[in-house]
Amino acid sequence: MTGRFHAPGPGPRGAPAACRPSPVALSSAVRALAGAAAPSSRYPQGAAMAHHMISKLLKGEVPVGETVTIKGWVRTRRDSKAGLSFINVHDGTCFAPLQVVAPSELPNYATEVAKLGAGCSVIVTGELVASQGQGQNVELKAIAIEVVGWVDDPETYPMQPKRHSMEYLREVAHLRSRTNVIGAATRVRNCLAQAVHRFYHERGFYWIHTPIITASDCEGAGEMFRVSTLDLANLPRTPDGKVDYSQDFFGREAFLTVSGQLNVETYCCALSRVYTFGPTFRAENSNTSRHLSEFWMIEPEIAFADLKADADLAEDFLRYIFKAVLDERGDDMAFFAEHVDKEAVSRLESFVESSFERMDYTQAIEALGKAPRKFEFPISWGMDLQSEHERYLCEELCKRPVVVMNYPKDIKAFYMRLNEDGRTVAAMDVLAPGIGEIIGGSQREERLDVLDARLDEMKLPKEVYWWYRDLRRYGTVPHAGFGLGFERAVNYVTGIANIRDVIPYPRAPKSAEF
RNA sequence: UCCUCGGUAGCUCAAUGGUAGAGCAUGCGGCUGUUAACCGCAGGGUUGUAGGUUCGAGCCCUACCCGAGGAGCCA
């Protein structure tokens, strides 16, 4: 792979350096031209931003006739013997590239422009004009094209102007961000993340930065990654032969967090409405299209709230962030609908207009019993739902997201609130078509005696939960929350099937090259 | 981790146990206000790795590596 990290310079068939115009001289001319047309803003514009984003040009924010400068990467070049070339340049600010029309009169046309190919970086100054061709409203009639970086060996440049498989793109993760599909997924992901913060900010929630390193493994959600500075080849031992963690960095065992929930509960019971949004780590050996070893999770927690309020919040929340994508990323969503998943846009549109189906676990079991099809695993009350059952509920029975509530206590975590019936807890899962469980949440057990009884029942040590129990001793309140797997939400929105394609650098078992 | 399927040119894929091919990409030429342009020519291969069976293996067998789909765990 190191062979692909070439020093910048002309390609083997590119122009020799002596033939090229001085980049310094051209750059200053370009800056002077661009400065006059710089977009206005109430915030200062740095010199580095003294050029135009392609998104603004295509949106018509700059009038035709203006002289503008763009900076970006070449997608394709088509030559016309009428004495010009068409160069599609993208800069990531929107889905579409801008078509640059390069006349053969350019001083570096034969030596450089005619040799441009996919991946080359360029700075183009020219006049914004109405397009004579189909497919775009405006195009850039080039006055000067500066080649900033050549593609060292076009024959082995991994990105071609064609459809690549998602599996292949994963192998070139450092370059796949230049493709249509990953670029679109990146913009949608950002749109969702911004909408998450906006949603909570508008409702008076505080973003709590819960710790990434946790010093106890009492979080109870599966395998954890150990954090240690001990020398693995020479571990300190206690007299009875065990590893002596008192000599480790934190003086005790430490791990990467699998959830911010327990920590954020303490802030909830003081600031009322809080949420976390950060990375989460699971060391499970999961090889599926829905699991990552490192993923991002959003965990709101609300005080003086029950399970219904929790489900209401989940619904409002998802509707809000999906609406944001429809409002802000129509270009990218149109691409997903055309090339990735036909339903991508219509699914979101119906999502923001309709409510979730809600049913109790007990009702779900009944519905599954009446299902006009056979399941590989028969289901009965007290069992956890299998993937096939969840899929049936949301994909076939309801054909939209379903909130399943009030599960048997024996299949759920210790902190979930025990219901009046004594055999179920106030837990909920939101199941989305094609994804499965996208949200898991619950009302928390706020009664100390009931919590203690649950800890005993599940043989969990009370000592390590001392601070969590304190919340129930000092001014306890009913509270509830949930966790949304951020990447699963991006999968759902874009229609991209594999979770490894909606995060820049996926971490999974045997997979962390980049 | 388990089950199933797969790995052939830069990419996507063909090839009855008998000479390893196409499209796209790349290079060169032609043509054209073009739109993943089009036409022609050319270069490009230790068939995932290591063994084995056979006169002969891309194809059959064994092990391993990697990937995909499904399952479990979960978000």
Side-chain angles (χ1 to χ4, degrees), chain A residues 4 11-14 75-88 96-103 115 117-119 129-136 139 141 151 153-172 175 179-180 220-223 258-261 279-299 339 376-377 384-388 390-391 411-413 429-432 435-441 482-492 497-501 503 508-511 513:
Chain A
R4 291 196 179 133
R13 285 163 288 290
R75 272 257 163 72
T76 58
R77 189 198 83 233
R78 295 176 296 277
D79 298 325
S80 168
K81 280 291 162 7
L84 61 159
S85 289
F86 299 95
I87 306 162
N88 279 352
L98 181 66
Q99 175 160 284
V100 170
V101 181
K115 297 179 192 301
V129 297
S131 179
Q132 294 176 33
Q134 302 293 310
Q136 59 279 317
E139 60 193 20
K141 198 174 166 190
V151 166
D153 181 4
E155 196 153 351
T156 58
Y157 179 59
M159 297 293 104
Q160 296 164 9
K162 59 173 269 190
R163 191 186 192 116
H164 287 106
S165 68
M166 299 305 283
E167 294 79 24
Y168 170 71
L169 291 177
R170 249 171 259 153
E171 293 171 10
V172 284
L175 295 171
T179 61
N180 281 333
E223 294 297 308
V258 294
S259 165
Q261 182 201 316
T280 309
F281 308 87
R282 303 274 167 92
E284 264 119 23
N285 194 1
S286 296
N287 293 292
T288 81
S289 58
R290 307 181 302 283
H291 292 87
L292 290 168
S293 306
E294 177 185 275
F295 64 100
W296 287 62
M297 187 154 64
I298 297 143
E299 298 171 289
H339 288 108
E376 190 185 346
F377 299 99
D384 211 352
L385 300 181
Q386 307 269 354
S387 284
E388 57 174 339
E390 296 181 343
R391 295 189 104 115
I411 57 172
K412 288 294 179 180
D429 282 350
V430 179
L431 313 175
I435 306 294
E437 187 181 340
I438 192 171
I439 278 179
F482 61 81
L484 168 72
F486 186 56
E487 285 75 18
R488 288 188 182 177
V490 183
N491 278 135
Y492 182 75
N498 196 305
I499 200 165
R500 299 183 189 198
D501 303 320
I503 189 169
K510 301 273 160 54
S511 179
E513 179 174 10

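Side chains included, hydrogens not; waters and symmetry mates left out as well; all remaining heavy atoms used. Each chain gets a letter, A, B and so on, in the order the sequences are listed, and its residues count up from 1.
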Would you write the dot-bracket representation of RNA chain B, where each base gets (, ), [, ], | or . depending on whether it forms a Watson-Crick or G-U pair under 3.5 Å and with which partner? (((((((..((((....[..)))).(((((.......))))).....(((((..]....))))))))))))....
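Neither side chain, A/Q99 nor A/S131, offers a donor N or O lying under 3.5 Å from an acceptor on the other.
Atom pair A/R75:CZ and B/U34:C1' shows a separation of 17 Å (rounding to whole Å applied). Per the geometry, CG belonging to A/D384 stands 14 Å off P belonging to B/A71, to the nearest Å.
One can find a donor-acceptor pair under 3.5 Å joining the base of B/C73 and the side-chain atoms of A/S286. In this model, a side-chain donor or acceptor of A/N287 finds a partner on the base of B/U1 within 3.5 Å. No donor-acceptor contact under 3.5 Å links the side chain of A/Q160 to the base of B/U26. Between the side chain of A/E167 and the base of B/G6, no donor-acceptor pair of N or O atoms lies under 3.5 Å. In this model, a side-chain donor or acceptor of A/H291 finds a partner on the base of B/C74 within 3.5 Å. Between the side chain of A/E284 and the base of B/U1, no donor-acceptor pair under 3.5 Å is found.
Nucleotides B/G7 and B/U26 are separated by 27 Å at their P atoms, to the nearest Å. Using atom P as the reference point in both B/U8 and B/U12, the two lie 8 Å apart (nearest Å). Going from the C1' atom of B/G23 to that of B/A63 covers 36 Å, rounded to whole Å. Across the C1' atoms, B/U35 and B/C73 are found 48 Å apart, a figure rounded to whole Å. Only the C1' atoms considered, B/A9 is 10 Å distant from B/U47, to the nearest whole Å. Nucleotides B/A22 and B/C31 are separated by 25 Å at their C1' atoms, to the nearest Å. For B/G69 and B/C61, the C1' atoms lie 26 Å apart once the distance is rounded to whole Å.
When the side-chain nitrogen and oxygen atoms of A/T76 are compared with OP1 and OP2 of B/U35, none of them lie within a distance under 4.0 Å. At the phosphate of B/G72, OP1 or OP2 sits under 4.0 Å from a side-chain N or O atom of A/S387. At the phosphate of B/G69, OP1 or OP2 sits under 4.0 Å from a side-chain N or O atom of A/N498.
Residues satisfying the side-chain hydrogen bond (donor to acceptor under 3.5 Å, both in side chains) test with A/N285, not counting sequence neighbours, are A/N287. Every residue meeting the salt bridge (charged side-chain N to carboxylate O under 4.0 Å, His left out) condition with A/R391, not counting sequence neighbours, appears here in chain and number order: A/E395.
Between A/L292 and A/I503, some side-chain heavy-atom pair lies under the 4.5 Å cut-off. Between A/Q160 and A/T179, every side-chain heavy-atom pair lies at or beyond the 4.5 Å cut-off. Residues A/M159 and A/L169 are in side-chain contact: their nearest non-hydrogen atoms beyond the backbone lie under 4.5 Å apart. Using a 4.5 Å cut-off on side-chain heavy atoms (C-beta onward), A/W296 and A/E487 make contact.
Nearest heavy atoms, A/H164 versus A/P158: NE2-O, 3.6 Å.
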